[in-house]
Visitor: 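Can you read through this structure? Questions will come right after.
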Amino acid sequence: MHLVNLRSIKEKVGIKYVGYGIGALVGYKLINYMIWKTKNKKLNIRSAQIVAERDSKTYTFIEVSPEKTQLILNLPDIQAIRENLFQRSFTISELVTVYSKRTVEIGRQLNLTAVELIDQALITANEYDQILDKHLKDGQQSQLPPLFGIPISTKGDRNSRGAQIYQDHIADDAVTVKLFKKAGAIIIVKARSSGGDSALVASRCVVLAVGTDIGGSIRVPAAFNGLFSFKPTGARTSNLGYLSGMPKISTSSIVLASQGPMARSNDDLVLATKLQLDPQIHTYDWKIPSSPFRENEYISAVNGGKQKLRVGYIDRLPTLQSSKGARRALQIAKDALEKQGFELVPFNQTLEEVQTIKSAFQGIMISSNAGPVLKLLSDQCEDLLKVNVAFYSYYSANPLKKFLLRTLLKLTGNHRFSNAIANCKDFSKDEIDDFIRKREESNENIRAKFQDLDIIGLILPNYVHCAFKESNQLSMNSLIDYTSIWNFFMYPCGTVPTTLVQASDTNPNDYQDSFDDKVTKSIRNDIEDSEGMPMGVQVVGLSQMDERVLGLMKAIDNGVQFRSRPKDF
């Protein structure tokens, strides 16, 4: 009896301490959650304060007549603006005023702007007018730098890199910003990432903008807004300063992002790229060797039709079907080149080739970039964007949860999602090295195809269709097959607008793929009611062949001559 009671007491004590342990764990979790919520609330309050400070700011603008305003807004490119400035059709102060007023009105309305730099821009504009007057008097206006007085959007001042935890970080100018300032540009605003920059250009709040592209972040927003854009070869231009608001990520030495321009004309892209390729670039960034713009290669590509040069084309990828509208936009570019004398040849890639590139790219980017960055944001009590919540939930889950989720996705017919999240994990150094080896092999295969086909570049869609609806962002945001595979090799790429979606492009039943899953339904939903949206093509070249890509883009534009402008602006 005594032994039975002793055993009973031990069991009760054991249960008691188990209860204490569970209680302590729950309490610990609860305290951590309360700390997280408190810090999160502070971040959100500060974000609201920053927006309120921006929106409450008022400016004293000079009066610009409606006639001058329309003249300024209708000028097609920087050269036309420059000529009108030299003719004194309007002043630099009037030019900056017109664009600044739109930045305040439209930029705030659509939440495109992070920091307005308008006060200093207006002061600089007035100073530049005095300099221009003197040069005009002396007949030396042609000696003024190429962006003299041009209002642009770029990176600088408060540089949050899109993260609340860095929303009060004040960054030094990136090298690209320094080069544009040296060329006379007047920075009037810092946008909310590359999407904000493209919208500012499209709505004529700025003439030129600079974005950053590591998977399509310049090209996709630009294409959605009917703009020209260019992502230079990785490491040919300087990235120094552009990550000043974020921690250094190891993948930056494996897959390099590029800063590049977005504009309403291809000529403006060429001008901006020439500035980025400053012959003295090594004095700004010692890691970048001097590689000035090769004008002869650009002109040769522009006039390539006369030489019967060959261009490859891809109308769809085996991993992601393109829409009828995207293929029509490509056909317009193809026809334009063929009429000039270019020979267009199909550039075929197998399913295995594209999947290998995608898998390796995703593995490196998620393991070395996206995953650690989202963990940092979450650990620092920042709310993740909707498009990142599901990804990070899976990335941070234990192996059993991951297995169950992938199994559930397969059972419900979502094989595409199941396959896509397979790489949402941390990979070992050996596995990363294997991805790099696959990249080198794939790169050599693509270069060999270029050589065998004797082509100077490729044209293909920018995206599966046009800009997607906000309601479909969770399904559509990651469909970057057409852009990201070229980032993996750090190839130069650009976008050229060619048309608007027509009524005949909007039948959702015309879109068929082998998946027929939730993503397919989202694509069909986006296709429906998309009439009037901008569409275009992407141009891709081998590394260091930036001039050929820009020249081929110019040739397409010469043949198509398409210009779009949002009807509401």
Side-chain angles (χ1 to χ4, degrees), residues 61-103 117-154 176-189 200-201 203-210 227-228 230 261-279 292-293 295 298-299 302 550 554 557-558 561 563 565:
F61 292 116
I62 61 174
E63 288 295 324
V64 183
S65 70
E67 294 77 17
K68 282 188 178 181
T69 297
Q70 279 307 116
L71 171 62
I72 289 170
L73 294 176
N74 289 335
L75 292 174
D77 53 34
I78 291 172
Q79 182 57 34
I81 294 174
R82 189 177 172 89
E83 290 172 357
N84 276 269
L85 283 173
F86 291 172
Q87 295 166 7
R88 271 324 201 190
S89 302
F90 46 80
T91 65
I92 296 175
S93 293
E94 289 172 329
L95 172 67
V96 171
T97 293
V98 168
Y99 278 98
S100 294
K101 288 178 71 174
R102 293 177 69 83
T103 293
L117 305 172
I118 293 172
D119 279 333
Q120 183 56 52
L122 294 172
I123 293 172
T124 303
N126 184 59
E127 293 172 351
Y128 279 15
D129 272 323
Q130 296 176 45
I131 295 173
L132 177 55
D133 285 338
K134 184 178 185 304
H135 278 69
L136 288 170
K137 182 179 179 180
D138 297 338
Q140 299 294 316
Q141 62 270 27
S142 62
Q143 302 302 311
L144 291 168
L147 292 182
F148 189 77
I150 301 299
I152 71 171
S153 163
T154 186
T176 297
V177 178
K178 292 178 180 178
L179 294 172
F180 283 10
K181 282 185 174 180
K182 174 186 170 184
I186 298 178
I187 301 174
I188 65 174
V189 64
L200 286 172
V201 176
S203 57
R204 296 174 294 166
C205 295
V206 295
V207 176
L208 177 74
V210 179
L227 299 177
F228 295 82
F230 183 63
M262 293 174 276
R264 294 193 296 277
S265 83
N266 197 77
D267 290 345
D268 290 352
L269 300 184
V270 174
L271 172 58
T273 303
K274 287 180 178 179
L275 294 173
Q276 287 185 277
L277 297 175
D278 189 297
F293 192 85
E295 189 75 23
Y298 170 72
I299 297 299
V302 173
L550 285 165
K554 178 65 173 177
D557 186 46
N558 285 343
Q561 287 293 305
R563 297 290 184 275
R565 189 172 73 204

Visitor: Could you tell me whether the side chain of Asn266 reaches within less than 4.5 Å of the side chain of Phe230, counting heavy atoms only?
Guide: no

Visitor: Within the distance-only criterion (no hydrogens, no angle test), does the side chain of Ser153 pair as donor or acceptor with the backbone N or O of Ala209 below 3.5 angstrom?
Guide: no

Visitor: Side-chain contact test, heavy atoms from C-beta onward, threshold under 4.5 Å: evaluate it for Ile188 versus Leu117 and give yes or no.
Guide: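 Ile188 does not reach Leu117 side chain to side chain.
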
Visitor: For the side chain of Asp268 and the backbone of Leu208, is there at least one donor-acceptor N/O pair under 3.5 Å apart?
Guide: no

Visitor: Quick one: are Tyr99 and Val189 in side-chain contact, heavy atoms under 4.5 Å?
Guide: no

Visitor: Is the backbone of Leu136 close enough, under 3.5 Å, to the side chain of Gln140 for a donor and an acceptor to pair up by distance?
Guide: no

Visitor: Is the shortest heavy-atom distance from the side chain of Lys101 to the side chain of Val64 under 4.5 Å?
Guide: no

Visitor: Compare all side-chain heavy atoms of Tyr128 with those of Leu144 and state whether any distance is below 4.5 angstrom.
Guide: no

Visitor: Quick one: are Lys181 and Val177 in side-chain contact, heavy atoms under 4.5 Å?
Guide: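 Yes, at least one pair of side-chain atoms sits under 4.5 Å.
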
Visitor: Taking C-beta and beyond as the side chain, do Leu179 and Lys274 meet within less than 4.5 Å on heavy atoms?
Guide: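 With C-beta onward as the side chain, the pair stays apart.
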
Visitor: Apply side chain to side chain contact (heavy atoms under 4.5 Å, CB included) to Asp267 and Lys554, showing your working.
Guide: CA-CA 8 Å; Asp267 290 345; Lys554 178 65 173 177; 3.0 Å; yes

Visitor: Are Leu75 and Arg82 packed together at the side-chain level, in the sense that at least one heavy-atom pair is separated by less than 4.5 angstrom?
Guide: no

Visitor: By the ring-ring contact (aromatic ring centres under 6.0 Å, His included) test, which pairs, at least two apart or in different chains, include something from residues 62-84?
Guide: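 Of all non-adjacent pairs touching residues 62-84, none passes ring-ring contact (aromatic ring centres under 6.0 Å, His included).
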
